[in-house]
Amino acid sequence: MKTLTLTTAVTFLFATVSATADETSIRMRDGPELATLVANCSGCHSLDYVQMNSRWVKRAGWEAEVKKMVTVMGAPASPEDQAKLVDYLTREYGVPD
Amino acid sequence: MDRRSFVRNVAGGIALAGSQLLLPRALLGAALPSGALESEELFALPGKKPLIRRSFRPPNFETPVAQFGDVLTPNDRFFVRWHLASIPEIDPRAWRLSVGGDAASAPLDLSLEQLQRDFEQVEIVAVCQCSGNRRGFSDPHVFGVQWAYGAMGNARWKGVRLKDVLAKAGLAKDAVEIAFNGADSGALEATPDFVKSIPVWKALDENTLIAWEMNGEPLPHWNGAPARIVVPGWTATYWMKQVVSIQALKQPLGNFWMAKAYRIPKGKFATVDRFTTQETAENTPITEIVVNSLITNVTDGQKAKAGAPLVVKGMAWDAGYGIRGVEVTVDGGRTWQAAELGPDGGRYSFRPWQFVFKPSRGRYTVSARASNGLGATQVDQLIFNPAGYNNNVVQRLGVEAV
């Protein structure tokens, strides 16, 4: 609703819902960076996005994806956190170079 | 080209491809990523029957293949695809549709009642298919929702013609694109809002609708209630759900979702409909649905009874040129025979088909291959592209008769 702003938008009876689906069933692989993943990524999307995009991505692929999430989608990850995310995703959901 | 010579050409093409088709399955790469197979499950969203969950939030759920047995896909089995996770529940009585933009001289602010009362109501049966349907079979795999076969459905849509609404809004002659925005948004202000546009000529096509009804019922929440855009023949990225704004533009829309996403390399696909205001030297927006088919009642690796008729059923569809034939092979592509086509439900609809054969004891590889009014057919080998679009690779299903 942002790009083309409407005066009528405010007249909706918004009752913003999450997907209401039970994503607590998602079990991510453990690792010292898992808390960083949850903190930086799960505000916008469930972590099954990571699971289904495995396992074929090398480090450079996860680097590009993390970068896209930050520069295009606005993820608020710091450079330090981005490095941790790439380490975790490559190790737990990627493949070696 | 008449149908007879067309079929002959198809058979000739297959003879060439035959040796490739006999490669071991593992070399064909037609399998979802291991992580997608591990994380998928059947899950019922509120108001839906169980669908295959790809992601919870935003919700991306696909229809199991066995549910495509009927020409019209039931609303509660229809696939769900959202880009952004904030999806409001909209009271249809409070909903408003804003129609304006710099190429509209008489902007409108329509209620659902006005939309239904002030314009002629029309219905059309049309396939709604995600651009990335079958992306999960891409080889090599590519990032995105790892769809198998079910990010699509066929429904009877009821609404009004977009061209009628644009006319009332005073559409200017120099409009180039019509942009749609839905009520959904991302969790962060910084996330690009999902706004899409189509060329003005496609917006003025009599089949392009603003629809509020699907298969005789109000649109389900997950499929865009109270109203969505319907663009028959084109992939679902343009079928804006929960549409709240329609803008006639004198300049091309340049946001992320148009300029960067949903693009195919130029020159790889035989697409007829062009989107010239968005083309670059390298790529162009995806437009039409490629000709395709799905075998709906046979699963890979299934057993059949030797000596008994095996009925292979499925659906075929394309961008609206019309399904002219479906050929089936049971010997991995060495010989093809015409399937029997079912009733024609309109040029944008699924076309049912079936093929009966009597297997002797042994192993069979069953494939179907649809062709359309342009003479286009499905491909034997994936036409790789970075986003995994336009996958119409012929399926290969192993059947053992015992």
Side-chain angles (χ1 to χ4, degrees), chain A residues 1-29 40-58 61-77 89 92-95, chain B residues 32-41 43 45-46 53-59 61 82 84-91 93-98 100-101 109 136 140-141 143-146 179-195 244-245 247 253 255-256 260:
Chain A
M1 293 276 322
K2 293 188 292 285
T3 307
L4 299 183
T5 307
L6 316 172
T7 54
T8 52
V10 292
T11 64
F12 293 140
L13 302 185
F14 277 126
T16 301
V17 289
S18 67
T20 70
D22 186 8
E23 65 186 74
T24 59
S25 65
I26 298 172
R27 292 284 173 267
M28 298 300 289
R29 295 171 65 86
N40 283 284
C41 308
S42 65
C44 289
H45 64 84
S46 50
L47 297 178
D48 40 12
Y49 266 80
V50 171
Q51 295 176 331
M52 70 177 158
N53 281 286
S54 71
R55 277 181 170 254
W56 75 88
V57 183
K58 295 178 182 176
W62 280 118
E63 280 175 348
E65 195 64 14
V66 168
K67 188 179 173 204
K68 176 187 172 188
M69 289 298 145
V70 172
T71 59
V72 177
M73 295 299 173
L89 293 166
E92 303 298 338
Y93 290 95
V95 291
Chain B
L32 294 186
S34 58
L37 291 169
E38 286 160 18
S39 67
E40 72 178 15
E41 63 171 341
F43 187 95
L45 290 166
R53 189 257 300 173
R54 298 283 164 223
S55 69
F56 279 120
R57 180 173 52 93
F61 292 74
W82 293 81
L84 305 173
S86 183
I87 305 165
E89 296 271 3
I90 300 175
D91 180 344
R93 289 161 302 180
W95 176 81
R96 291 289 184 282
L97 176 62
S98 164
D109 177 41
H141 290 301
F143 270 114
V145 178
Q146 298 299 314
F180 312 117
N181 193 6
D184 58 331
S185 60
L188 300 172
E189 190 67 25
T191 302
D193 196 15
F194 187 66
V195 181
V244 290
S245 164
Q247 304 264 295
L253 183 61
N255 69 2
F256 166 78
K260 301 292 181 194

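Chain A is the first sequence line, chain B the second, and so forth, proteins listed ahead of strands; every chain is numbered from 1.
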Handout entry: Partner of A:Met52 by side-chain contact (heavy atoms from CB on, under 4.5 Å), out of B:Leu37, B:Val145, B:Leu32
Key = B:Val145

Problem - Working for side-chain contact (heavy atoms from CB on, under 4.5 Å), residues B:Gln146 and A:Asn53 - result: CA-CA 7 Å; B:Gln146 298 299 314; A:Asn53 281 286; 2.9 Å; yes

Exercise for the section: Measure B:Glu38 against the heavy atoms of chain A and call it side chain, backbone, both or neither at under 4.5 Å. Expected result: neither

Fill in the blank from the handout: When every non-hydrogen atom of A:Cys44 is compared with those of B:Ala85, the smallest separation belongs to O-CB, 3.7 Å

Completion exercise
So CG of A:Asp48 and CD of B:Glu40: to nearest 0.5 Å the spacing works out to 12.0 Å

Exercise for the section: For residues B:Ser39 and A:Tyr49, determine if any side-chain heavy atom of one lies less than 4.5 Å from a side-chain heavy atom of the other. Expected result: no

Fill in the blank from the handout: Scanning both residues in full, the closest heavy-atom pair of A:Trp56 with B:His141 reads NE1-O, 3.1 Å

Practice task
Against chain A, label B:Glu41 side chain, backbone, both or neither, depending on which of its atoms sit under 4.5 Å from a heavy atom there.
Solution key: side chain

Problem - Engaged part of A:Val50 at the chain B interface, taking heavy atoms whose separation is under 4.5 Å - result: neither

Practice task
Please report the C-alpha distance between B:Arg57 and A:Ser42 in whole Å, then the side-chain angles of each, then the deciding distance to 0.1 Å, and finally whether the side-chain contact (heavy atoms from CB on, under 4.5 Å) criterion is met.
Solution key: CA-CA 9 Å; B:Arg57 180 173 52 93; A:Ser42 65; 4.2 Å; yes

Completion exercise
One should read off an interatomic distance between A:Lys68 NZ and B:Phe256 CZ, to the nearest 0.5 angstrom, of 4.5 Å

Handout entry: A:Ile26 portion near chain B, given a 4.5 angstrom heavy-atom threshold
Key = side chain

Exercise for the section: Anything under 30° is parallel, anything over 60° is perpendicular, the rest tilted; go ahead and classify B:Phe143 against A:Trp62. Expected result: perpendicular

Handout entry: Engaged part of B:Arg93 at the chain A interface, taking heavy atoms whose separation is under 4.5 Å
Key = neither

Handout entry: Side chain to side chain, A:Arg55 and B:Pro33, heavy atoms closer than 4.5 Å
Key = no

Completion exercise
From the list A:Ala75, A:Ser54, A:Gly74, the residue making the most non-hydrogen contacts under 4.5 Å with chain B is A:Ser54

